[in-house]
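Each remark here refers to the structure printed beneath this line.
In this chain, numbering begins with 1 at the start of the sequence shown. Counting starts at 1 for both ligands and their atoms, in listed order.
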Amino acid sequence: MGTSITGRAIKNGSIRVDTVNIRDFSTRKTMRVDDYPYGGGAGMVMEPEPVFRAVKSVEARIGRKPRVVYMTPQARVLDQTKVESLAQEKDLVILCGHYEGIDERVLQETVTDYISIGDYVLTGGELGALVLIDAVSRFVPGVLSNEESSQFESLQDNLLEYPQYTRPEVWHQQSVPPILLSGDHLKIEEWRHEESLKRTKERRPDLLKNSYRVICVSYGEPGAAENGRLLTESVSRYGEYMDYNRRKLQKTLLRMKPWNLLLLVMPGAAGEDSAFPAEMPGAAGVEKAKPAAIPGAAGEEKTASAEGKTAVRYDPSVPFAERFRGLYGSETPAVLVGSDDEIEKASAFLENRKFRVIARVSPAVFGGDSLLRNAALDIREKVLHFH
Ligand code: 4H6
């Protein structure tokens with residue numbers, strides 16, 4: 001841990017790593033902490049009491065009950081969402097077993113999380129702990145520089161990273177893909193998304209069944225669109241958002257696919273008023289017909305925002321069925337953010353339109369960075385495991 005990025009993180013005080021030797025809490029003169037397994041069989045088992053005392057000593061030192069992670073091959077395999085959720089904790093205790101493992105009773109009493117780093121066996125949990133510390137550290141503020149940022153990683157969409165290139169432009173007769181030299185950032189982002197998908201199909205097709213294209217739809221008081229954009233960015237690298245205060249969108253047919261994920265941000269979800277986005281991006285990845293001529297779609301009023309841009313005001317009198325007359329799913333998962341009232345109305349409507357509501361998120365989402373991050377992690381966790 002003393003070299004490279006983790007070494008720097010320790011030196012600049014972003015993270016601290018302490019070790020506790022369970023043997024120091026042995027109850028015997030010999031300082032042994034293992035004993036024969038009841039029921040017989042090969043190998044030794046770690047006694048409960050030394051482990052219990054070791055964990056208690058840490059609790060006493062930090063003055064609170066931290067999450068206690070047990071590294072074991074008998075657990076769900078660590079993924080990026082779990083890593084980011086653990087990174088929110090101030091303290092983490094990682095318990096490493098040796099021999100054949102630890103007496104079940106002390107695990108019951110002390111462990112909060114069981115984690116495996118992969119389906120293979122190690123002689124002890126320590127290398128797993130190092131892997132966990134390394135992965136978690138990347139999400140601790142101050143550990144990565146701006147250039148090393150962990151903010152936009154495609155693993156968060158359950159997709160593999162796209163290929164990377166640097167100078168020279170031609171190497172061993174192979175050129176860098178021309179699009180990367182074009183300077184067209186929107187096109188480049190699209191290309192990278194495509195490459196990520198291609199690569200995932202080829203190398204990790206198992207990931208694709210839990211990979212969704214996030215489409216965020218917001219409507220409601222001023223700030224709804226901005227909040228939708230913020231939430232979308234926290235949930236997905238390749239997400240899109242649309243402001244359904246806009247009458248034009250209300251008139252548009254939007255048929256979502258089973259691999260789309262509808263993120264619906266409704267009244268009650270927004271904070272006070274924040275700025276409106278200047279432009280709505282196109283809805284690539286979603287099959288979108290030409291705006292159908294639905295006469296008399298209502299609920300839009302143009303106002304001039306602080307920047308002098310044309311913004312759209314929320315009209316609460318527009319009924320759900322009218323605002324979303326063009327919105328259809330096909331077993332498309334949906335996550336709803338808003339007041340209980342609005343969520344209730346939306347659920348019934350969306351189920352009729354062949355969406356599957358997989359999560360409802362409490363409206364306390366847009367009150368600050370950590371609320372937003374936690375909501376995003378919560379959503380990713382539910383989306384990833386709803387199958
Ligand atoms: C708990 C129980 C983690 C811990 C048994 C730990 C792999 C991982 C261990 C054991 C680990 C992982 C002791 C069982 C040695 C096999 C320590 N191995 N083992 N995949 N080993 O995260 O014998």
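At a threshold of 4.5 Å between side-chain heavy atoms, the hydrophobic network of Ile, Leu, Val, Met, Phe, Trp and Tyr places L263 and L372 in one connected group. Both V357 and L254 are assigned to one and the same hydrophobic cluster, defined by single-linkage of ILVMFWY side chains at heavy-atom distances under 4.5 Å.
Given atom 4 (C) of ligand 1, the protein heavy atom at minimum distance is M71 O, 3.4 Å. Counting protein heavy atoms only, atom 22 (O) of ligand 1 is closest to I117 N, 2.8 Å. The single protein non-hydrogen atom nearest to atom 21 (N) of ligand 1 is L122 O, 3.0 Å, given as residue, atom name and distance. The protein heavy-atom contact nearest to atom 5 (C) of ligand 1 is E100 O, 3.6 Å. In this structure, atom 10 (C) of ligand 1 lies nearest to the protein heavy atom P73 CD, 4.1 Å. G118 O, 2.8 Å is the protein heavy atom nearest to atom 20 (N) of ligand 1. With respect to atom 14 (C) of ligand 1, the closest heavy atom belonging to the protein is V121 CG1, 4.1 Å.
Within ligand 1, counting atoms from 1 as listed, the ones closer than 4.0 Å to a heavy atom of S116 are 12 (C), 20 (N), 22 (O). Within ligand 1, counting atoms from 1 as listed, the ones closer than 4.0 Å to a heavy atom of G125 are 6 (C), 17 (C). Remark: ligand 1 atoms within the under-4.0 Å shell around heavy atoms of G97 are 17 (C). Annotation for ligand 1: atoms under 4.0 Å from non-hydrogen atoms of G101 are 2 (C), 5 (C). Every atom of ligand 1 is numbered from 1 in the order shown, and the set under 4.0 Å from a heavy atom of Y120 is 7 (C), 20 (N). Of all the atoms in ligand 1, the ones that sit under 4.0 Å from a non-hydrogen atom of Y70 are 1 (C), 2 (C), 4 (C).
With a 4.5 Å cut-off on side-chain heavy atoms, P177 and Y165 count as touching. A heavy-atom distance below 4.5 Å is not found between the side chains of V58 and D18. For the pair R360 and K382, the minimum side-chain heavy-atom distance is 4.5 Å or more. For the pair V265/F366, a side-chain contact is recorded, criterion being any heavy-atom separation below 4.5 Å from C-beta on. Contact of the Y70 side chain with the T110 side chain is not registered, since no non-hydrogen atoms from C-beta on lie closer than 4.5 Å.
Judged by the shortest distance from any of its heavy atoms, G128 lies outside the 4.0 Å radius around the atoms of ligand 1.
Figure legend: cation-pi geometry between R255 and Y328, with NZ or CZ positioned under 6.0 Å from the six-membered ring centre and within 45° of its axis.
A salt bridge does not link E153 to R380: none of the charged nitrogens lies less than 4.0 Å from a carboxylate oxygen. Under the 4.0 Å criterion applied to side-chain N and carboxylate O atoms, R53 and E49 are assigned as salt-bridge partners.
Residue-level proximity to ligand 1 for Y99 is carried by the backbone, the only part with a heavy atom below 4.0 angstrom.
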